[in-house]
Asks: 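This is the structure I want to talk about, given as structure tokens.
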Number of protein chains: 2
Amino acid sequence: MKMSTGVEWAVHCCVVLSQAEDPVPAQRLAEFHGISRTYLAKHLQQLSRAGLVSSTEGRVGGYVLTRPAAEISVLDVVQAIDGHEPAFRCTEIRQNGPLPASPETCRRACGVARAMHTAEQAWRDSLRAVSVADLAAGVLEDNGPQTFDRVREWLAT
Amino acid sequence: MKMSTGVEWAVHCCVVLSQAEDPVPAQRLAEFHGISRTYLAKHLQQLSRAGLVSSTEGRVGGYVLTRPAAEISVLDVVQAIDGHEPAFRCTEIRQNGPLPASPETCRRACGVARAMHTAEQAWRDSLRAVSVADLAAGVLEDNGPQTFDRVREWLAT
DNA sequence: TCAATCGCGGATATCAGATGTCCGTGTTCA
DNA sequence: TGAACACGGACATCTGATATCCGCGATTGA
Ligand code: SF4
Ligand code: SF4
């Protein structure tokens with residue numbers, strides 16, 4: 001049970017993008033976070049395909065959020081990077097062995113699968129309740145009010 | 001984000017064990033579910049180390065639950081197999097780059113990590129609310145009242 | 001027009017962990 | 001004493017995550 005580390009990168013990038021007024025190239029986002037440029041590019045493309053960010057090509061291109069940060073939940077970012085596959089995947093072992101469950105009882109998920117899916121639903125609900133804007137506010141609280149001014153200043157360099 | 005498939009095996013084994021009156025050898029549990037004997041043995045050892053089942057060696061050995069099924073939650077089984085590591089692991093990328101966060105602000109987890117951990121807590125709470133006994137009751141409901149009689153009969157073979 | 005900068009997608013390499021097997025040891029019981 | 005069993009370690013294998021690279025097309029400013 002491990003989440004892709006790219007999720008952390010993507011979330012941080014979204015927070016930064018929420019504070020930038022111009023498109024930010026992947027190059028810049030990568031060096032700001034001290035991470036691999038080429039690999040981050042892959043994840044930004046995933047965000048793009050998910051419709052969370054939009055890209056502009058060419059000389060002064062880069063990435064911009066497509067919606068206000070308050071309308072982008074952490075769940076959106078997580079699912080854009082990590083996919084929509086549930087963590088628990090039923091192998092239907094109840095259909096194996098000397099006493100297999102009958103096909104008609106297998107039409108709906110068994111109790112085990114139901115419990116797992118309910119738990120994952122609770123997890124998703126919790127992540128959906130937090131937006132990128134909330135996170136940005138948290139950063140200000142933790143690092144001081146001028147934090148994003150410094151970020152914008154560095155991005156303009 | 002993927003849970004070990006051994007979790008499904010382990011949960012099913014616990015349900016079966018909750019209905020057996022004698023110790024059940026790994027061999028038998030494996031063929032009942034149509035899965036690998038040697039690999040399942042590994043997982044049963046993990047359950048044993050976690051204190052969920054107890055093993056008796058020797059000629060008529062096997063596995064028995066150490067507690068009533070109602071006192072074993074699905075979370076217990078999941079953590080015994082999958083470990084206690086959180087799915088989200090902070091890499092502290094806020095300390096990288098041209099504007100690193102100061103060491104004292106990094107003493108506590110940032111907003112991103114807090115949101116992730118809260119969500120995982122909700123997931124654990126949901127799994128903790130379901131016991132192996134609950135699952136066994138669900139099986140009876142899905143597969144008919146004589147299901148476990150047939151299971152016990154086969155185990156006695 | 002031309003060169004530099006940028007996003008995009010595919011191919012590829014690398015690596016860690018999950019999955020699965022095997023064997024030697026010790027233990028119990030018929 | 002031998003058969004059946006649990007246990008742990010040492011492997012082998014396979015999958016997916018991680019990471020890099022290259023060629024392409026788009027855009028912009030010199
Ligand atoms: S009992 Fe549930 S988890 Fe197990 S094989 Fe059946 S549907 Fe899948
Ligand atoms: S912002 Fe949170 S998740 Fe990101 S590096 Fe800092 S502590 Fe880790």
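Everything numeric in this text was worked out from a predicted model, so none of it was measured. Just the heavy atoms: all of them, side chains too, but no hydrogens, waters or symmetry mates, feed the values below. So that the names make sense, note that chain A is the first sequence line, chain B the second, and so on, each numbered from 1.
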Asks: Where along residues 45-55 of chain B does a heavy atom come under 4.0 Å from DNA chain D, residue by residue in number order?
Replies: B/Gln45, B/Ser48, B/Arg49, B/Ser55
Asks: With distance as the sole test, does A/Glu120 use its side chain to make a donor-acceptor pair with the main-chain N or O of A/Phe88 at under 3.5 Å?
Replies: yes
Asks: B/Thr91 side chain to B/Ile93 main-chain N or O, any donor-acceptor pair under 3.5 Å?
Replies: no
Asks: Under 4.0 Å, heavy atoms only, any strand: does B/Ala26 hit a base, just the sugar-phosphate, or nothing?
Replies: sugar-phosphate
Asks: Look at atom CD of A/Glu92 and say whether more than 12 heavy atoms of other residues, nucleotides or ligands are closer to it than 6.0 Å.
Replies: yes
Asks: Rounded to the Å, how far apart are B/Ile35 CD1 and C/dT21 P?
Replies: 11 Å
Asks: In whole angstrom, give the distance that lies between atom CZ of A/Arg59 and atom C1' of C/dG7.
Replies: 15 Å
Asks: Which residues, if any, of residues 74-83 of chain B bring a heavy atom under 4.0 Å of DNA chain D?
Replies: none
Asks: Given side chains that start at C-beta, do those of A/Glu8 and B/Cys90 come closer than 4.5 Å, heavy atoms only?
Replies: yes
Asks: Identify all pairs in which a protein N or O lies below 3.5 Å from an N or O of nucleotides 17-20 of chain D, and state each distance.
Replies:
unit_1 : atom_1 : unit_2  : atom_2 : d
D/dT18 : OP1    : A/Thr5  : N      : 3.2
D/dT18 : OP2    : A/Ser4  : OG     : 2.9
D/dT20 : OP2    : A/Ser36 : OG     : 2.5
D/dT20 : OP2    : A/Thr38 : OG1    : 3.4

Asks: Send over the distance from B/Leu44 CG to D/dA6 P, rounded to a whole Å.
Replies: 8 Å
Asks: Whole Å only: how far is the CD atom of B/Glu57 from the P atom of C/dA30?
Replies: 16 Å
Asks: Would you find a donor on one side and an acceptor on the other, under 3.5 Å apart, between the side chain of B/Asp82 and the backbone of B/Met3?
Replies: no
Asks: A/Arg89 has an atom CZ; how far is it from atom P of D/dT15, in whole Å?
Replies: 14 Å
Asks: Quickly work out the A/Asp22 CG to C/dC6 P distance and round it to whole Å.
Replies: 13 Å
Asks: May I ask you to test the A/Gln79-A/Leu75 pair for a side-chain heavy-atom distance under 4.5 Å?
Replies: yes
Asks: Quick one: do the A/Arg49 and A/Gln46 side chains pair a donor with an acceptor below 3.5 Å?
Replies: no
Asks: Taking atom C1' of D/dC21 as reference, at what distance in whole Å does atom CG of A/Leu40 sit?
Replies: 16 Å
Asks: Between A/Asp142 and B/Arg108, does any NZ, NE, NH1 or NH2 come within less than 4.0 Å of an OD or OE carboxylate oxygen?
Replies: yes
Asks: For A/Gln95, is the CD atom crowded, meaning more than 12 foreign heavy atoms sit under 6.0 Å from it?
Replies: yes
Asks: Indicate yes or no: at least one non-hydrogen side-chain atom of A/Pro86 is less than 4.5 angstrom from one of A/Met116.
Replies: no
Asks: Do B/Asp134 side-chain atoms and B/Ser131 backbone N/O form a donor-acceptor pair below 3.5 Å?
Replies: yes
